[in-house]
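Take a look at the structure set out below.
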Protein chains: 2
Amino acid sequence: MKLSQGVEWGMHCATLLAQVPDGGLMRREALAVHYGLPEAYLSKHLQAMTRAGVLQATSGPKGGYRLARPADEITVLDVVRAIEGTAEPFICQEIRQRGKGASSPDECRLPCQVNSVMRSAYQAWEASLRSVTIGELVTRMPKSVLKRNQRLLSA
Amino acid sequence: MKLSQGVEWGMHCATLLAQVPDGGLMRREALAVHYGLPEAYLSKHLQAMTRAGVLQATSGPKGGYRLARPADEITVLDVVRAIEGTAEPFICQEIRQRGKGASSPDECRLPCQVNSVMRSAYQAWEASLRSVTIGELVTRMPKSVLKRNQRLLSA
DNA sequence: GTCCGTTTACTCGGATAGTCGCTGTCCGAGTTGTTAGGG
DNA sequence: CCCTAACAACTCGGACAGCGACTATCCGAGTAAACGGAC
């Protein structure tokens, strides 16, 4: 139960891209420099976010990344799932049906309660992440930071 | 973001130990056979649960494991944390303070919003797991299974 | 001056090693029941 | 017959390899701008 550090990178990059004026782009290197991250490895996560449909990439000169949708329509969960994948953290292996004390298939009509509890917790986690958008995160940032970013991004 | 399979093993073993009459014990081998699990590896997880204070181990002949507390006072979260550890899944590395666009320490008086969102989601996950006890899981099991276990455990 | 083709430089994407933690296994330390001997 | 002490067997605990996933990096494929020449 550990999240990849790429989640933090992806989240901050998404919030930064949300501050880029209108349809502007931002190069991979600019993102890396802004947060002091290794550019080569950051590309791996940006790539994943692009595949997941969170970012949109443009090749060639004047190319770069942009948000694929308005920042208010991208949830934190979207970013996390883009980087961490969509697989559930708990995978029930139905050990109740194995071994000496195995339950019959008839007794397993109802889903394994252990699995149900774990799934409920996961859904609560997802719901919490889904309730916040990238756009909201931007508005919560200190105004001095937003101003500085506006200045840096226009240059 | 992936849970160890040991969580499933630990959960089922805990529910089974909750069905042992009064202060009875259960050997490691008996637990492994009941669910068809490799005894050697299962010991690793039982060990962790013992260290965490969820189980209580007795050495020597007639030894074995028992629940350290009444089943109604052991939450699912207790078992999960015993096996997975108590470290938070998201560890904020404060990249907002690094790089060209670094925020000043004064601007970081408030906690990183990304970190706050991730922590809230984790707390929601924990709350969900804390709301269910091992005792409750036992009552939700099919009665035919409980009967069979009673018979197997008395022998 | 305008249009077109070539060149060129720049961007992202995928293929490639390195390292940490979970997976899987074994044997040793500690404890308790047992048993043999003496009183 | 009872008590004691050594023995033996059984249980859990920690130390030891194996493997997959995240970490970290590089170079190549593709693209669009820029430039030079022809009309």
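Lettering follows sequence order; numbering is per chain, from 1.
Listed by first then second residue, pairs satisfying ring-ring contact (aromatic ring centres under 6.0 Å, His included) with a partner in residues 43-62 of chain B read B/Trp9-B/His45, B/Tyr41-B/His45, not counting sequence neighbours.
We find that CD of B/Glu29 is positioned 15 Å from C1' of D/dA9, with the value rounded to whole Å. What separates CD of B/Gln56 from P of D/dT11 is a distance of 18 Å, to the nearest Å. If you take CD of B/Glu39 and C1' of D/dC12, they are 10 Å apart, rounded to a whole angstrom. If you measure from atom CG of B/Leu25 to atom P of D/dT11, you get 11 Å, rounded to the nearest angstrom.
The side-chain hydrogen bond (donor to acceptor under 3.5 Å, both in side chains) test applied to A/Ser144 returns B/Glu107, not counting sequence neighbours.
Here the side chain of A/Glu84 pairs a donor or acceptor atom with the backbone of B/Met1 at under 3.5 angstrom.
How far OG1 of A/Thr86 is from CZ of A/Arg81: 5.5 Å, rounded to the nearest 0.5 Å.
No side-chain donor from either of B/Gln5 and B/Glu8 sits under 3.5 Å from a side-chain acceptor of the other.
Distances shown here put a side-chain N or O of B/Gln47 below 4.0 Å from the OP1 or OP2 atom of D/dG14. Contact between the side-chain N/O atoms of B/Arg51 and the OP1/OP2 oxygens of D/dG13 is not found at any separation under 4.0 Å.
When all heavy atoms of B/Ser103 and A/Val145 are compared, the pair lying nearest together is OG-CG2, 3.7 Å.
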How does each nucleotide of nucleotides 19-36 of chain C score, in 5' to 3' order, for protein heavy atoms under 4.0 Å: base (B), sugar-phosphate only (S), or none (-)?
----BBB----BBB----

